[in-house]
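For reference, the structure discussed in these notes is given below.
Heavy atoms only: backbone and side chains are in, while hydrogens, waters and symmetry mates are out.
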Amino acid sequence: MGYFDAVSRQNADEERVAVARTQAEYSGRTREFEYVSNAYNAADEKMYKKVCDMLGSDEITLNPIGQLIERDVYDGLDPSGKQRYILELSDKFRELQERYYRENTGS
């Protein structure tokens with residue numbers, strides 16, 4: 001009587017819709033990840049340029065973290081947020097410093 005054919009077509013249609021929905025969600029998340037990744041990389045590269053300027057100059061830098069702090073961000077934080085910001089910034093400085101020496105010494 002066609003009952004099973006109708007059920008089979010309905011299941012196939014639902015499966016196609018579910019696959020299309022999943023693909024749309026995946027592509028949306030991929031675009032979002034790329035946007036965040038590009039913004040993050042741009043900020044890292046900007047900071048890396050500052051680190052290169054500091055390390056490449058003949059002057060001794062006494063407070064490199066202080067020079068990297070973004071005051072508008074830092075001033076808006078509570079005391080624990082300031083501490084977390086400094087720790088994250090110092091970790092990022094260490095990574096960028098290692099990258100600088102790797103690129104400039106060839107090792």
Fill in: Working for side chain to side chain contact (heavy atoms under 4.5 Å, CB included), residues R94 and D91
CA-CA 5 Å; R94 183 189 49 76; D91 188 45; 2.6 Å; yes
With rounding to the nearest 0.5 Å, note down the distance linking [atom1] in [X] to [atom2] in [Y].
X: L68; Y: Y74; atom1: CG; atom2: OH; value: 13.5 Å
X: Q67; Y: N63; atom1: CD; atom2: CG; value: 7.0 Å
X: R84; Y: D78; atom1: CZ; atom2: CG; value: 7.0 Å
X: L96; Y: D44; atom1: CG; atom2: CG; value: 6.0 Å
X: S90; Y: E88; atom1: OG; atom2: CD; value: 9.0 Å
X: M47; Y: E70; atom1: CE; atom2: CD; value: 6.5 Å

How about [X] and [Y]: do any of their side-chain heavy atoms sit closer than 4.5 Å?
X: Y100; Y: M54; answer: no
X: D13; Y: R16; answer: yes
X: V51; Y: R99; answer: no

Discussion item. Please find the pair of heavy atoms, one from L89 and one from I69, that lie closest to each other, and give the distance.
Written reply: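 Of all heavy-atom pairs spanning L89 and I69, the closest is CD2-CG1, 3.6 Å.
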Fill in: Nearest atoms (heavy-atom pairs only) where Y101 meets L55
OH-CD2, 3.9 Å
Discussion item. Please determine whether residues L77 and I86 belong to a single hydrophobic cluster, defined as Ile, Leu, Val, Met, Phe, Trp and Tyr linked transitively by side-chain heavy-atom distances below 4.5 Å.
Written reply: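 Yes, one cluster joins them.
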Worksheet item: Is E98 atom CD crowded by more than 12 heavy atoms from other residues, nucleotides or ligands, each under 6.0 Å away?
Response: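 Correct, the count exceeds 12.
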Worksheet entry | Heavy-atom neighbours of K49 NZ exceed 12 at 6.0 Å | no
